[in-house]
Amino acid sequence: KPTSPSHFSFNSQLFSLFCTSCFLSAFLGLLPSQRDREREPMAKTVSPDAISTILANPSPDSSSDLPEIIVQVVDLKPTGNRYMFSANDGKMKIKGILQSSLSSEVISGSIQNLGLIRIIDYTLNDIPTKNEKYLIVTKCEAVSPALEADYKAEVKSEDTDIVLKPRQEETGIVLKPKQEETGIVLKPKQEYQTKSAAQIVHEQSGNMAPSARMAMTRRIQPLVSLNPYQGNWTIKVRVTSKGNMRTYKNARGEGCVFNVELTDEDGTQIQATMFNEAAKKFFDKFELGKVYYISKGTLRVANKQFKTVQNDYEMTLNENSQVEEASNEEAFIPETKFNFVPIDELGPYANGRELVDVIGVVQSVSPTMSIRRKSNNETVPKRDIIIADETKKTVVVSLWNDLATHVGQELLDMADKSPVVAIKSLKVGDFQGVSLSALSKSNIVVNPDLPEAKKLRSWYDSEGKETSLASIGSGMSPSTKNGARSMYTDRVSLLHITSNLSLGEEKPVFFSLKAYISFIKPDQTMWYRACKTCNKKVTEAFGSGYWCEGCQKNDAECSLRYIMALKVSDASGEAWLSTFNEQAEKILGCSADELDKLKSEEGEIAYQMKLKEATWVPHLFRVSVAPQEYNNEKRQRITVRAIAPIDYAAESKYLLEEMSKMNIAM
């Protein structure tokens with residue numbers, strides 16, 4: 001209690017100091033401490049003009065001194081075992097692909113949609129046919145988790161700089177005083193600051209083998225990024241298939257050729273071919289199963305008729321190409337990629353060059369059999385397995401040699417458990433309607449960890465094992481089993497085909513037709529001279545006989561095989577169809593040798609009468625449709641794959657089913 005004015009004044013001063021102290025304590029408590037400021041994550045930002053930097057350096061060497069490239073990941077989505085995205089620098093965007101080795105970073109959440117990444121290694125792939133560029137990111141690291149939205153470069157004022165911060169922070173925009181440097185950017189890791197790639201190569205490559213030096217001084221590119229328009233490149237691949245050295249003879253002389261199938265660590269495949277001097281140089285160097293660095297090759301668009309792997313391009317190596325074995329390095333096992341064909345869609349592939357991949361549940365496994373080859377009288381082991389899939393169809397797969405004795409025995413031991421098998425690179429034949437046969441390069445994976453396998457297992461366990469399954473070849477008449485599906489599948493009119501010139505641009509499409517043969521041109525080239533062994537075209541040999549390049553031998557005789565064009569008509573229009581030997585024999589009722597004999601012995605009139613007898617007869621056709629160019633003009637090529645006479649009972653049943661779909665009121 002105050003007793004005097006002076007005492008009262010002293011107490012007032014103490015109270016004032018106390019209030020001031022409380023205010024300062026409260027104010028200072030709101031400010032972050034030095035430790036808190038150290039803990040606060042540094043604001044991240046996209047590198048200015050990052051996309052322009054990438055476009056200006058489409059394929060930089062490892063030693064190039066590029067500025068730091070940080071971009072935002074937008075529109076991130078899976079495609080196969082990779083992820084596609086768009087790289088965004090706030091001004092521009094470019095489509096990109098993360099290499100499959102980076103998929104784990106996406107799955108773990110390190111790389112996020114709307115997040116930031118630092119691109120360390122990349123290739124810019126130019127696709128002229130689409131007038132697009134794709135950024136193939138082969139090495140990167142996450143810089144920031146997802147931002148609130150797409151980053152947009154802002155116009156910066158004289159006093160402030162706007163920087164986007166990650167989503168989990170309380171504020172998305174931070175105003176910072178203008179410094180000598182504009183904004184705050186995340187600095188690269190120390191190892192990228194202190195030494196250039198050239199210094200690292202100089203320090204580490206002194207005692208390395210040539211292949212190791214090649215790996216460090218040249219950027220290794222994934223096969224998926226290659227195209228014919230690129231310059232220098234180096235790939236690291238494993239030889240997964242090696243062909244035999246073959247000789248050939250044509251108008252330009254004689255030569256030799258062999259090819260290999262190469263697979264990189266992503267599982268992408270490409271076929272490489274070598275001729276003459278290059279074939280002799282590299283035949284002994286390439287060994288099945290070994291890993292190599294390859295450069296100085298050329299690429300071209302693959303011939304779809306002869307390609308054996310799923311790639312739009314094929315590679316040619318010449319005597320100047322570089323091939324170095326990747327010895328003393330960590331080996332990689334290429335990832336097996338599958339492109340499954342449902343069992344009920346195997347028909348069109350029968351007796352073709354294209355190989356297929358299938359997946360199915362094993363229904364039965366036969367014991368091992370011994371088969372004697374006609375070519376060399378050698379005995380080889382064989383085992384048949386029957387598989388089924390969700391189409392409720394089954395197919396026989398023949399395994400040979402090691403696949404029959406090793407994998408086949410494994411399947412026999414676990415057949416009661418109905419394992420799922422994924423098989424790559426099978427040849428489709430027409431034995432018993434449709435059948436599959438393994439090759440030396442075929443690959444079988446038992447109970448694979450694939451989405452398709454899990455889906456198939458779920459179907460089989462829930463309903464498939466209780467469902468009545470039918471062989472894909474069952475119900476096919478002899479006239480339709482040559483790779484054909486039912487003649488009543490995909491039935492269309494001729495107008496449907498001829499009015500759509502884009503049919504079959506990606507790969508041939510198949511249809512069924514009912515039409516009349518209206519005209520067979522008598523003065524066309526009706527046949528060709530063929531080898532009696534392999535049916536390939538032969539040429540007249542020097543002196544006498546006929547030379548077959550396929551068999552590499554002369555024969556005294558040859559046979560004739562049809563290559564006939566005919567016009568067919570239906571209610572909607574008409575079209576020209578190409579037919580080959582088996583189908584033409586069914587149409588004309590005689591072989592090409594017999595027709596040639598008729599023409600030479602009985603004359604032109606008898607020959608034309610024979611052709612006329614085949615016209616205005618209805619047939620069921622199974623055809624393939626694909627575009628082709630002739631004299632710079634785009635045309636359709638319609639090829640007969642199977643032919644059958646009209647079965648009027650089946651035809652009536654088909655028409656009744658079609659009428660029932662129309663819901664016609666009776």
Side-chain angles (χ1 to χ4, degrees), residues 77-82 100 103 107 266-267 269 309-310 333-350 354-366 383-399 403-404 406-429 431-439 441-476 483 485-486 489-490 507 510:
K77 58 184 178 182
T79 172
N81 64 336
R82 297 181 177 87
S100 60
S103 297
I107 296 171
D266 292 331
Q269 293 184 298
V309 298
Q310 294 294 327
I333 300 175
E335 177 186 352
T336 302
K337 290 185 176 179
F338 294 96
N339 184 23
F340 295 121
V341 177
I343 291 177
D344 71 341
E345 295 180 14
L346 290 172
Y349 296 90
E354 188 173 357
L355 304 180
V356 301
D357 306 339
V358 297
I359 186 170
V361 181
V362 175
Q363 301 296 291
S364 66
V365 182
S366 76
R383 191 192 299 267
D384 288 339
I385 65 172
I386 297 177
I387 63 173
D389 68 4
E390 291 173 282
T391 63
K392 301 179 182 179
K393 295 290 184 181
T394 64
V395 67
V396 176
V397 183
S398 297
L399 308 181
L403 288 179
H406 294 160
V407 180
Q409 184 62 44
E410 179 186 350
L411 292 175
L412 181 62
D413 294 340
M414 58 191 308
D416 57 330
K417 299 178 182 178
S418 300
V420 175
V421 291
I423 313 178
K424 185 170 184 63
S425 299
L426 291 170
K427 184 172 180 61
V428 186
F431 180 68
Q432 295 181 346
V434 175
S435 60
L436 300 173
S437 183
L439 305 175
K441 66 178 181 179
S442 299
N443 184 21
I444 302 178
V445 182
V446 181
N447 291 325
D449 185 15
L450 297 171
E452 295 91 342
K454 295 176 182 177
K455 181 181 178 184
L456 184 60
R457 169 55 64 192
S458 175
W459 166 80
Y460 188 77
D461 290 343
S462 61
E463 59 175 296
K465 57 186 176 183
E466 305 296 336
T467 302
S468 176
L469 304 174
S471 169
I472 183 176
S474 64
M476 286 188 178
R485 294 167 67 190
S486 167
T489 303
D490 308 320
K507 68 176 185 178
F510 293 80

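Residue L399 holds its CG atom at 11.0 Å from CG of L439, rounded to the nearest 0.5 Å. Atom-to-atom distance recorded for I385:CD1 and T394:OG1 is 12.0 Å, nearest 0.5 angstrom. Taking OG from S442 and CG from L355, the interatomic distance works out to 7.5 Å, rounded to the nearest 0.5 Å. Here the CG atom belonging to L426 is positioned 12.5 Å from the OH atom belonging to Y349, to the nearest 0.5 angstrom. Separating the CD atom in E463 from the CD atom in E390 is a distance of 8.0 Å, to the nearest 0.5 Å.
Between W459 and K392 the shortest side-chain heavy-atom distance falls below 4.5 Å. Contact of the V445 side chain with the L450 side chain is not registered, since no non-hydrogen atoms from C-beta on lie closer than 4.5 Å. Residues L456 and D389 form a side-chain contact, since some pair of their non-hydrogen atoms from C-beta on lies under 4.5 Å apart.
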Quick one, F338 with I359, criterion side chain to side chain contact (heavy atoms under 4.5 Å, CB included). Give me CA distance, side-chain angles, the key distance, then yes/no. CA-CA 9 Å; F338 294 96; I359 186 170; over 6 Å; no

Under the side chain to side chain contact (heavy atoms under 4.5 Å, CB included) rule, what do S425 and N443 come out as? Steps first, then yes or no, please. CA-CA 7 Å; S425 299; N443 184 21; over 6 Å; no

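The minimum heavy-atom distance linking V365 with G408 is given by the pair CG1-O, 3.9 Å. In terms of heavy atoms, P419 sits closest to V446 at CB-CG1, 4.2 Å. Nearest heavy-atom pair, K393 versus I472, reported as atom, atom and distance to 0.1 Å: CD-CA, 4.2 Å. When all heavy atoms are compared, the tightest approach of T391 to P342 is CG2-CB, 3.9 Å. Nearest heavy-atom pair, V341 versus V358, reported as atom, atom and distance to 0.1 Å: O-CG1, 3.9 Å. Between A453 and P448, the closest heavy-atom pair is CB-O, 3.4 Å.
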Validation: residues 409-418 side-chain donor-acceptor distances under 3.5 Å, sequence neighbours left out:
{"from": "Q409", "atom 1": "OE1", "to": "R383", "atom 2": "NH2", "distance (Å)": "3.4"}
{"from": "Q409", "atom 1": "NE2", "to": "D413", "atom 2": "OD1", "distance (Å)": "3.0"}

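Not counting sequence neighbours, K455 has no partner by the salt bridge (charged side-chain N to carboxylate O under 4.0 Å, His left out) test.
A side chain to side chain contact (heavy atoms under 4.5 Å, CB included) with Q363 is found for exactly one of I387, V396, I386, namely I386.
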